[in-house]
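To start, the structure itself, in structure tokens.
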Amino acid sequence: MHTNQTQKYNLRRPTTQARIGNVVIGAPAPVVVQSMTTTPTLDTAASAAQTCSLAAAGAQLVRLTAQGVAHAANLAFIMEAVRAQGVEVPLVADIHFNPAAAFEAALHVEKVRVNPGNFFDPGRTFRKMVFTDEEYSAELTKIRDKFVPFLNLCREHGTALRIGVNHGSLSDRVMSRFGDGAEGMVESALEYLRICRDEHFDNVVVSIKASDVPVMTDTVRLLAASMEAEDMHFPLHLGVTEAGNALEGRIKSAVGIGSLLIDGLGDTIRVSLSEAPENEIPVARMLVKHCMAELEASAAFGGPKRSRTGGRRKTVEANGTGGNTPTVIIGKDGMSEKQYCCLRVSAVPRVAQVRQKLAGSDRACAVVLEYPEINDREELIVAASADLGALLLDGYRDGIGIASPLLDTEEAVSLCEKIIQAAGLARFQAEIVACPGCGRTLFDLPEALDRVKDACMHLKHLKIAVMGCIVNGPGEMAGADYGYVGAAAGNVSIYRGIECVRKNIPQDEALDALVALIKADGNWTEKGVGK
């Protein structure tokens with residue numbers, strides 16, 4: 001995995017390089033895999049043990065939450081305990097809402113992540129949503145005056161920086177001028193990156209994350225183009241913020257991260273699963289291995305050429321596919337390749353071959369990808385999700401199929417459905433948005449997620465968010481119909497949209513409260529009854 005990822009054809013987006021301890025991030029260095037602890041940061045022994053466990057699993061960076069100055073200071077003791085075990089993995093502090101914690105953390109770890117939406121700005125308070133040009137400029141000056149001393153401290157201690165934007169935590173100021181979508185997210189990052197550039201601080205990685213895959217991928221592409229336009233070349237960290245768990249979490253992450261890696265975007269990744277964080281590493285490594293092979297092989301086809309000009313590839317409807325018809329799944333409801341024009345591809349680069357062979361054609365065509373070389377089921381799921389996800393997001397939406405001896409027809413159809421849903425094109429089950437949890441999470445999030453899925457997965461007309469704490473919820477669950485959000489220790493608050501309906505319910509009562517709210521709103525259907 002780690003032996004030779006440096007690109008022979010150097011097709012990844014060129015970047016400056018960030019140095020985090022013994023790790024280099026940025027092309028042509030290999031793509032770096034990271035994860036995050038879920039232990040309380042004030043628990044030195046537990047945090048050190050999980051850090052070492054993640055490093056043993058293959059994590060090249062490990063992030064820990066530092067919600068207060070005391071947590072940030074304790075990172076020094078965690079670092080000492082980790083190094084005492086001979087583990088050299090760099091540590092990253094995750095900061096929200098608390099600049100003082102960032103200043104403290106910069107003294108103890110190799111990298112600090114700050115969120116522009118809540119670092120110096122007050123975050124989503126919705127108290128002031130109109131700014132004059134003078135007021136807006138004055139706020140930018142305040143940010144610069146506060147941020148430059150932090151950069152100087154990082155420079156003095158050799159600490160790297162990640163500017164990490166989350167979709168659900170843009171400041172009111174940015175939203176007032178640029179909105180809550182891609183433009184606002186990109187501007188939130190650029191404000192801080194411009195200061196870094198002006199101060200000649202280059203040890204920077206930047207990320208923009210969202211739980212919605214099309215929002216995440218389109219925004220990362222806009223960020224890359226915007227940085228290029230301003231002659232900035234900082235490395236990109238990729239991730240889908242709340243991918244969930246199990247099959248859905250792996251597919252959603254692979255569709256979002258993989259579709260970007262295949263096109264040469266991305267220098268470090270995290271697959272965020274609502275499971276034990278050690279489970280994230282094998283998935284991330286499979287994803288990098290597959291996408292780098294796809295990217296290298298695409299050189300023979302002219303390199304990564306994304307053909308999307310916006311929306312769906314324009315084709316003429318024929319035999320129930322193409323045009324504006326829903327994406328056909330080969331094998332579903334007896335639909336066979338004989339009924340459609342189908343393009344079969346069985347070797348890398350699958351995405352580049354499809355783009356080349358269908359370029360300029362308006363004939364409706366389904367794409368069936370074969371994977372004769374893959375003998376591991378999870379690896380197949382990751383690879384197919386990345387490839388088909390890239391094509392669906394690129395506009396190739398007439399039809400898809402997967403051919404592998406590892407999957408029977410029903411399993412292949414189910415996987416295609418989940419890929420289509422992850423790409424935001426249709427719903428086959430409830431959309432469950434769930435964060436991976438961290439040291440801020442004060443209830444059993446994986447157990448809660450499984451219970452919510454078991455009770456509500458059949459409600460395909462609903463989007464339900466399961467969030468560990470206030471950092472990701474309710475802001476990051478924007479657009480969800482209902483939310484299950486961590487509050488005090490062992491307690492949960494229930495949301496309708498962004499409205500908190502019930503606060504601080506014991507976790508063993510929270511699912512019943514969520515179901516009762518859905519039923520009271522008239523949005524419940526029994527399993528097996530469509531809505």
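We're numbering straight along the sequence, starting at 1.
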Do the side chains of [Y] and [X] get nearer than 4.5 Å, heavy atoms only?
X: K111; Y: R63; answer: no
X: M36; Y: T65; answer: yes
X: I95; Y: F119; answer: yes
X: L236; Y: M227; answer: yes
X: S259; Y: M216; answer: no
X: E275; Y: P446; answer: no
X: I78; Y: T41; answer: yes
X: K418; Y: L247; answer: yes

What are the two closest non-hydrogen atoms of [X] and [Y], and how far apart are they?
X: A210; Y: H167; answer: CB-CB, 3.7 Å
X: V240; Y: G256; answer: CG2-CA, 4.1 Å
X: V24; Y: A29; answer: O-CB, 3.9 Å
X: A18; Y: V205; answer: CB-CG2, 3.7 Å
X: A101; Y: V69; answer: N-CG2, 3.9 Å
X: A423; Y: L393; answer: O-CD2, 3.9 Å

Item to check | K453/E248 under salt bridge (charged side-chain N to carboxylate O under 4.0 Å, His left out): CA gap, chis, key distance, verdict | outcome: CA-CA 11 Å; K453 289 176 69 173; E248 291 80 14; 3.1 Å; yes
Next on the checklist: Strictly below 4.0 Å, N to O, side chains only: are E199 and R194 in salt-bridge contact?
Outcome noted: no
Checklist entry - Where do L54 and S35 land on the side chain to side chain contact (heavy atoms under 4.5 Å, CB included) test, with the steps shown first? => result CA-CA 7 Å; L54 285 168; S35 186; 3.8 Å; yes
Checklist entry - Can F147 and Y192 be said to form a ring-ring contact (aromatic ring centres under 6.0 Å, His included), step by step? => result CA-CA 8 Å; F147 191 49; Y192 280 69; 4.8 Å; yes
For the backbone of [Y] and the side chain of [X], can you confirm whether one donor and one acceptor N or O come within less than 3.5 Å of each other?
X: D263; Y: L265; value: no
X: T15; Y: P235; value: no
X: R83; Y: V89; value: yes
X: S188; Y: V174; value: no
X: E379; Y: I374; value: no
X: S493; Y: A487; value: no
X: Q34; Y: T268; value: no
X: E280; Y: L273; value: yes
X: S298; Y: L295; value: yes
X: Q507; Y: V492; value: no

Item to check | Pair F150 + F103: ring centers closer than 6.0 Å | outcome: yes
Next on the checklist: Given the ring of Y136, does R173 sit roughly above its face, with NZ or CZ under 6.0 Å from the centre of the six-membered ring and within 45° of the axis?
Outcome noted: yes
Should the heavy atoms of other residues, nucleotides or ligands under 6.0 Å from [atom1] of [X] be counted, would the total exceed 12?
X: F77; atom1: CZ; value: no
X: R19; atom1: CZ; value: no
X: E80; atom1: CD; value: no
X: R144; atom1: CZ; value: yes

Between atom [atom1] of [X] and atom [atom2] of [Y], what is the distance when rounded to the nearest 0.5 Å?
X: L223; Y: E183; atom1: CG; atom2: CD; result: 13.0 Å
X: K209; Y: D212; atom1: NZ; atom2: CG; result: 15.5 Å
X: S47; Y: Q50; atom1: OG; atom2: CD; result: 7.5 Å
X: I163; Y: L161; atom1: CD1; atom2: CG; result: 4.0 Å

Item to check | Residues L190, E187; criterion side chain to side chain contact (heavy atoms under 4.5 Å, CB included); working and verdict | outcome: CA-CA 5 Å; L190 291 177; E187 184 62 24; 4.2 Å; yes
Checklist entry - Can you list the steps and then say if R162 with V92 is a side chain to side chain contact (heavy atoms under 4.5 Å, CB included)? => result CA-CA 9 Å; R162 170 149 72 98; V92 182; 5.9 Å; no
Checklist entry - Does any donor atom in the side chain of N74 or T44 lie under 3.5 Å from an acceptor atom in the other side chain? => result yes
Item to check | side-chain hydrogen bond (donor to acceptor under 3.5 Å, both in side chains) between Q421 and Q429, intermediate numbers included | outcome: CA-CA 8 Å; Q421 178 157 332; Q429 58 189 19; 5.1 Å; no
Checklist outcome for this item: Across all chains, not counting sequence neighbours, the ring pair (Phe, Tyr, Trp, His ring centres under 6.0 Å) partners of F201 are none
Next on the checklist: Run N98 and H96 through side-chain hydrogen bond (donor to acceptor under 3.5 Å, both in side chains) and show every step you take.
Outcome noted: CA-CA 6 Å; N98 196 334; H96 297 270; over 6 Å; no
Checklist entry - Between F443 and Y484, how do the two ring planes meet: parallel, tilted or perpendicular, split at 30° and 60°? => result tilted
Next on the checklist: Applying salt bridge (charged side-chain N to carboxylate O under 4.0 Å, His left out) to D267 and R12, what does each step give before you reach the verdict?
Outcome noted: CA-CA 8 Å; D267 304 288; R12 282 197 10 239; 2.8 Å; yes
Next on the checklist: Run L91 and T51 through side chain to side chain contact (heavy atoms under 4.5 Å, CB included) and show every step you take.
Outcome noted: CA-CA 9 Å; L91 304 189; T51 297; 3.6 Å; yes
Can you list, pair by pair, the side-chain donor-acceptor contacts under 3.5 Å of residues 383-391, counting residues two or more places apart and other chains?
{"from": "S385", "atom 1": "OG", "to": "I381", "atom 2": "O", "distance (Å)": "2.7"}
{"from": "D387", "atom 1": "OD1", "to": "H290", "atom 2": "NE2", "distance (Å)": "2.8"}
{"from": "D387", "atom 1": "OD2", "to": "H290", "atom 2": "NE2", "distance (Å)": "3.1"}
{"from": "D387", "atom 1": "OD2", "to": "Y371", "atom 2": "OH", "distance (Å)": "2.6"}

Item to check | CA sep, side-chain torsions, deciding dist, call: D450, N245, side-chain hydrogen bond (donor to acceptor under 3.5 Å, both in side chains) | outcome: CA-CA 9 Å; D450 284 339; N245 68 351; 2.9 Å; yes
Checklist entry - Between D94 and R113, is a salt bridge (charged side-chain N to carboxylate O under 4.0 Å, His left out) present by the stated rule, with each step listed? => result CA-CA 5 Å; D94 191 57; R113 178 271 175 105; 2.9 Å; yes
Item to check | Chi angles and distances behind the side-chain hydrogen bond (donor to acceptor under 3.5 Å, both in side chains) call for D198, H200 | outcome: CA-CA 5 Å; D198 294 346; H200 305 289; over 6 Å; no
